[in-house]
Amino acid sequence: MFPTKAAEQSLGRLLLGVTLLVAVLWSLSAPRDLFSAPPSTAVLAREAIVLSGVWAYVLLTLAIVVVMRWRWIEKPLGGLDRCYRLHKWAGIATGAVVLLHCILEWLPDGLARIRTAQSADASRQVGLDWNAATQEMAELANGTLLCALIAIALLRSIPYRWFRKTHRLSALLYLATTWHALLLLPPQLRLTPLGALVGLSALLGGAAAAVSATGGVGRHRRVNGTITWLEAHDGMLEVECTLDTRSLPHRPGQFAYVCFDPAEGPHPFTIAGADPQARKIRFVIKALGDYTGQLARRLALAQPVTIEGPYGGFDFRGTASEQVWVAGGIGLTPFLARLEYLRWLGRRSPSVTFFYCTRDTAKDPYVPRLRALCTQTGVTLVLVDSARQRPLDFEAITAGLHDPAGAELWFCGPARFGAALQRAWRATGLPGRRFHREWFEMR
């Protein structure tokens, strides 16, 4: 729901802030005589190994904690979609710093092969070189994690079910890395600000890893139900579920994780509508890949389903005098939910203009419903038929606005279309905070 440039800059500032925090705490914890005289190459190498190791560990902790779906983290970051985007970039940064850490250790001539003598001596007293053992385990774990991060980032063709299963192994790798970080942290740094940061990271990350490894992520938000209605048309599948024990309170525009098959795992889908009194909830799913393309023939009435949520901040809670909604394809879903909610409230919204882009107005099964809902709610509906009209652009959107500078835009649809609108929005100097877009990418 955030503008591309602003979102990336915000995430970049957060990662930079974490880096500066590690650097500042390291400077406060380093030996007092380190900067009193030019340090030797060996000392510099030792400090670089420690600094890069802590830096990588803190980034890794950040990557795992932000996707635990804890409300106290999700809310300040602005929604689960942004949490996952931060997770992605923190993971990439972790891989880069781990690579730097390994290079520093593998430098020639033994300059960077410095081990903590105190730790090694202590481990040998019990008959086992714990220092060497943890070093080898950490190198294996870090190397495996780095390869996994690169594969996940680059090999988008990996099926989601395999991505989900292999990604859960990262929790075990994190626990192995935590053992490495705690045991090999130099003793003189353990009671310092830097040591406190490592300890806090171990507590938060260890708890997150334990929850993740046992499948507890989002467990308290799950509710069971059964499929009570199915309808497929033009590559779209509408699924209505009746929940067993309670409804799923949500705001229009939010999404939920839906698990139709435990072997496949849950997938995120926008909530298209609900009837809280009847404990019913509805989803509209477009056949975009292997999994969603098979749902129409795999799902059946009375089939059990598990729903987890709600999540997301694409909720139309703006303060501008005018709202512009732009939807394309399956991006219609959150706006459909909002319109039905406005009808249920009996509220009219004449300050809203809704641009719906469709391939063929005459054949689109949602056009009649949209026309009826917009008439009942006072929303101005503008249909853009790509078969007969030129594609919608930013100039056409702003042409009908009374005050473009005071408006806000809510977009859900194809990524390239959204990116083009965002560039045009920024080029006109309009506030980036008024362009809302959800990053529906969970890997």
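Positions are given from 1 along the sequence.
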Trainee: Do side-chain atoms of Glu340 reach the backbone of Leu336 as a donor and acceptor pair under 3.5 angstrom?
Mentor: no

Trainee: Run the salt-bridge test on Arg388 and Asp360 with the 4.0 Å N-O cut-off and return the result as yes or no.
Mentor: yes

Trainee: State the CZ-CD1 distance between Phe260 and Ile227, to the nearest 0.5 angstrom.
Mentor: 5.0 Å

Trainee: Do the side chains of Arg69 and Glu74 get close enough for a salt bridge, i.e. N-O under 4.0 angstrom?
Mentor: no

Trainee: Is it true that Phe411 and Phe417 have ring centroids separated by less than 6.0 Å?
Mentor: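 Close enough - the centres of the two rings lie under 6.0 Å apart.
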
Trainee: Would you sort out whether Tyr57 and Thr178 count as a side-chain hydrogen bond (donor to acceptor under 3.5 Å, both in side chains), showing the intermediate values?
Mentor: CA-CA 8 Å; Tyr57 181 63; Thr178 298; 3.0 Å; yes

Trainee: Parallel, tilted or perpendicular: which fits the ring planes of His267 and Phe269, with parallel below 30° and perpendicular above 60°?
Mentor: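 Answer is parallel, since the angle falls under 30°.
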
Trainee: Please assess Val198 against Leu182 for the test side chain to side chain contact (heavy atoms under 4.5 Å, CB included), listing each intermediate value before the final yes or no.
Mentor: CA-CA 8 Å; Val198 173; Leu182 294 177; 4.0 Å; yes

Trainee: From the options Phe355, Phe316, Trp410, select the one residue that forms a ring-ring contact (aromatic ring centres under 6.0 Å, His included) with Phe335.
Mentor: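 Exactly one pass, corresponding to Phe316.
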
Trainee: Would you call Tyr291 and Glu264 a side-chain contact if the rule is heavy atoms closer than 4.5 Å?
Mentor: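 A side-chain contact exists here, since the closest heavy-atom pair is under 4.5 Å.
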
Trainee: First locate atom CD1 of Ile397, then atom CH2 of Trp325, and finally report the distance between them rounded to the nearest 0.5 Å.
Mentor: 14.5 Å

Trainee: In terms of side-chain geometry, is the basic nitrogen of Glu308 or Arg221 positioned less than 4.0 Å from the acidic oxygen of its partner?
Mentor: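 So Glu308 does not pair with Arg221 through a salt bridge.
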
Trainee: Would you give the length of the straight line joining atom OG1 of Thr242 to atom CH2 of Trp229, rounded to the nearest 0.5 angstrom?
Mentor: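 Output value for this atom pair is 12.0 Å.
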
